Each structure stands twice: as C-alpha cells, then as structure tokens.
Student: 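The structure is given below, and queries will be raised subsequently.
As the structure is a computational prediction, the values presented were derived from the model and not from experiment. The chains referred to below are lettered A, B, ... by the order of the sequence lines, with proteins before strands, and numbering in each begins at 1.
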Protein chains: 2
Amino acid sequence: MSKTDFDPIIDTTRRAEIVALLKRAVLTGKLEPGQKLNELRISEQMRVSRAPLREAMRELVQEGILTSIPYAGTFVIEVTAKDIEDAYSLNQVLDEFAIERTWPNRTKQFVAELDRRHDAVKRATLNVDTTGQIEAALQLHSLIHEWADHSLLLDTWLRLTSRLQMYFALHQRARNEPVPAIDVHEEYVRLLKGNDMKAAQRHAREHIALDFEELVAFAKNLEQRGAGDKSGAKRKRIDT
Amino acid sequence: MSKTDFDPIIDTTRRAEIVALLKRAVLTGKLEPGQKLNELRISEQMRVSRAPLREAMRELVQEGILTSIPYAGTFVIEVTAKDIEDAYSLNQVLDEFAIERTWPNRTKQFVAELDRRHDAVKRATLNVDTTGQIEAALQLHSLIHEWADHSLLLDTWLRLTSRLQMYFALHQRARNEPVPAIDVHEEYVRLLKGNDMKAAQRHAREHIALDFEELVAFAKNLEQRGAGDKSGAKRKRIDT
DNA sequence: TATTGCTATATTGTCGACAATCTGTTTTTC
DNA sequence: GAAAAACAGATTGTCGACAATATAGCAATA
C-alpha cells in the first residue's frame, strides 16, 4: 500500500449544495418555523431547476427539519415546548451512552481534539456571532459521540443536533442578546479527561439541563403568545 | 367536538407508494445488501418516471437503508457484524428509556393493545411466513416506544426498526428455517403489566440479547465467508 | 507486459413543460 | 341573502428529453 491514503472525493452535485444551503437557512433561523418553501421561487433564486431542489427537500423532510403535505407544500417544522423537552431528554440518554462508549477510547488525540474544540468555544464566546457560538458548543458536545465508535449513535446524535441548533438559534434570535460570557464547559472538559466516568455522566446531565431550562421556558412563552388559536386550527403560513 | 374524530387522509402520491415498495423490498431481503438500484429499470418496472423514483430514493438514503454515491448509483446498505451489534446496543438504551417513559402511561387501553400484539406474535409463530413473524415481533416491541409520548424517541426507534427488520430478514433467509416456535415474549408482556419497572427494563435487556447473539454470530460468518477481499476493496456490485 | 490514453456505452444529474390538485373568488340557484 | 356550483390562479406532482459523469473495453506506448 502507498504511504499516503486518500479519502474518497467529496460529492459535488447541485443537490448536495442545495441541501447545505437550505439546512443552514433553517438552522440559523433565516427560514422561520412554519414558513412555507415555495419551490418555484427558491429554484429561481438559486438558479437551479426544481428537480434537484425537490430532492434536497425530500432529504431534509426525512431528516426532520422540514415537513411536507402533499399538494400543499413543504414547511419548516414548528417548535413546541414539548419538542424541546423531548430533544433534551433524549440528549441526556444519548450523552450518557456516548460517554460510556467513548470512555475506553480516550487517546491523546482525543484529549487534543477536546482541548481544540473547547478553545473554539472560548474564542467564539468573545465574538458577537451567536450562530458561531452555538455551532462551536455543539461541536464540543459532538466529540463524545464521534469517539464512541458507534455509527448509529453518531447518526442519531447528528439528527438531534440539527434540532438543537435550530432551537438555540430561535432562542438567541428572540432574546437578541449575547450568550452569557462565562464558560460553563470548563468542568465538563475536566471531567472527560479524568477517571470518574459516572461523574462525567452526571455532570453532562446536570450541566446540559441548565441550557435547556431557559430554552423550554422560552418556548412556553412562544406558545402562550399564540394561544388564541383553537387547538386544531391551522397556523397562518408565512410564504417564502 | 363531534363524536367521531377522523384521521387526516392518507397521502397518495406516486412517491409515497414507491417509498413503500422499495422499503418493503429491502426489508424483506428481496433487494440484497450491496445491490445497485438501477433507476431506469425500476422506473420502467413500476411504470413511473424517474423523478418520483429518485425523490423516493433520497428519502430512503436519508432513512439509512440505502446509500448513494454521486454519478455512480444508489445501493442497498451493506451489513456488518458491527452494524448489528451497534443496533443492538442502541436498542437496549432506547428500550430502557422507553419503558421508563411509558411506565406512567400504561392505561387499560395500553394493556389491551399489548395483549393484542402479543396474540399477533403468537399467531404469526404458527405461520410459515417468516416476514410476518418478524413484523409482528417488532410491532410488539414498538408499543413501549409508541406509548412513551416522545415523538423524537418514536422517530429514532422507527428508524432503528428498519434496520432491525432488515437484519432479521437476512438472517432468516440465510438459515431458511422457521423461527423457534416457543414464545419468548410471555415474560416480557407479564413484566410490562406489573409493578416492577426495573425488572421490566432488565428483562428487556436480557431477552433481546438472546435474539441478537445469534444474529451477530450469523453476520460474523457472512464476513468470514467474504474475507478473501482486501480491506479497502470494493465489493462486487450486483445490478438490479 | 503493464501502464496510459482514448472511445463507446450506460447511467446518473438536471432541465423545462405539462398534468393534477388545492384555494380563494365569483357566479348561479333556491 | 345563503348555500352550492363553477371558475381562475397558483403551486405541487410527474413526465420525457438532454447534459454531465463514470465505467469498461480496446488501442497505443514504453
């Protein structure tokens, strides 16, 4: 075998680019929950035909950030307080499992990457770009799932990440003020390097709980605001 | 509110039907792992154009039972022993969580449905249709996820179910002999009706482990058989 | 003989146009 | 005037054709 191994080439089809664009638009809040995605308009804006756009949308529907009603349209998912609570509780379960699986795999390289991402979080905190802060924090949290050597777990986590990123972005946009500047990850990183797995798991639970409590409160507010609607009534759809 | 509530009408687009057909073909083993899906041929066989077929395939790629290589084709996923072990371990984690969440929701209706599905399993055991047996067993296992009142968990479980169904179907096809006729679910159902949640969780772990042990052994055999290939070598692709 | 370059063919990716369906408005009917 | 029917507009679903790309086979070359 040759000395240098090459990875397979990155796929570059229009479809893949469209997926990335749409996903980013949803996860940063540029496309709001409930908003309808008009195929013709978007395809014209992106200068592509509807075929690859529709295929891209199918992917995102399956990924859970869009929802489709035949002959009616495709919409950004709505966000309820229950959705956020559910994401939170599943996150707890997955984190605990991920830590257990990652624990024996913690090499020097793992620790290095852990520090690198922690630094990225600290650097992002100084910045005003809230999207960057969210991404950096989620990247840090992703590490235990990436090192668990469990492709299904990673897959599940990445799917969950999409939703988390969307929730946090919504929250940030609504509050419109920077995230608390103090670094809550110091302890988390320290425990991941240590020898007490149970402690690390416990901390993951409790630490993440803090972030979520505010999120859920925020989402409940959102719902109260729109509580005039009848239960089964359709929300007014905002066109693209 | 009126006396009878109606569910939304089933969506009937070609795409949805194609998804169902393809999914069934993969999960029953009619389409084998690694097999390539030729768009033109399938679209002609189904008497549809490639557009809805391609959209359907995008969904199944995202659902994890197909995999796509740009300009090369879309294939049924390969199955390794590690994949099965991973599915098994994630299943354990999710089951434990599902039982915890379902526990307070166990109404009379839940018990009735539990019995109904258990009966379905027992009836399927008498039959020769192995596919039906697998589906019935998975339906029974699905119950705790459906009653957990946790849409993300259910979503994750359903995605996992696809893989499990495929693994079991492969196994059955390879062995080509009926599943053991004894009913291993009696205890499981009994515990789910009882008052000891921990016991139910423990049993779920151990009972499911039995089913999986044989599966994993089978998959390892499969890999040994094809172990002549070099590590990175492409498997020969079987065309549709 | 092994490697490189070219060619032919098959297959996937993308496009523009048409058909099916939904929604809101207008017209008809009682 | 109210309910039903018919119409109009817009949007999604589907189709057939073309463009871009990959694969296999063969020729050329060292």
Student: Which nucleotide sits closest to the side chain of A:P52: C:dT14, C:dT11, C:dG13?
Tutor: C:dT14
Student: Between D:dT14, C:dG13, D:dT12, which one does the side chain of B:T13 approach most closely?
Tutor: D:dT14
Student: At under 4.0 Å, does any side-chain N or O of B:R54 touch on OP1 or OP2 of C:dG13?
Tutor: yes
Student: Please pick, from D:dC15, C:dG13, D:dT12, the nucleotide with the shortest atom-to-atom distance to any side-chain atom of A:R50.
Tutor: D:dT12
Student: Could you tell me the separation between the CG atom of A:L53 and the P atom of D:dG13, rounded to a whole number of Å?
Tutor: 11 Å
Student: Begin from the C-alpha positions of B:T102 and B:N105 and carry the test side-chain hydrogen bond (donor to acceptor under 3.5 Å, both in side chains) through to its verdict.
Tutor: CA-CA 5 Å; B:T102 293; B:N105 300 340; 5.5 Å; no
Student: So, OP1 or OP2 of D:dT12: does either fall under 4.0 Å of a side-chain N or O from B:R15?
Tutor: no
Student: Nearest-Å distance, CD (B:E17) to P (C:dA20)?
Tutor: 16 Å
Student: Can you list everything that forms a ring pair (Phe, Tyr, Trp, His ring centres under 6.0 Å) with A:H141? Sequence neighbours excluded, please.
Tutor: A:H185, A:Y188, A:H207
Student: Does A:R14 or A:A72 map to a spot on DNA chain C nearer the 5' end, using the closest nucleotide for each?
Tutor: A:R14
Student: Please tell me which of B:S49 and A:Y71 maps to the more 5' nucleotide of DNA chain D, matching each residue to the nucleotide holding its nearest heavy atom.
Tutor: A:Y71
Student: If I take atom CD1 in residue A:I69 and atom P in nucleotide D:dG13, what distance separates them, rounded to the nearest angstrom?
Tutor: 11 Å
Student: Between C:dG13 and B:R58, is there an OP1 or OP2 to side-chain N/O distance shorter than 4.0 Å?
Tutor: yes
Student: Tell me the interatomic distance from A:L40, atom CG, to D:dT12, atom C1', rounded to whole angstroms.
Tutor: 10 Å
Student: Given A:L22, which partner from the list A:E59, A:K30, A:E17, A:M46 fulfils the side chain to side chain contact (heavy atoms under 4.5 Å, CB included) test?
Tutor: A:M46
Student: Measure up the A:W157 and A:H145 rings against each other and bin them: parallel (under 30°), tilted (30 to 60°), perpendicular (over 60°).
Tutor: parallel
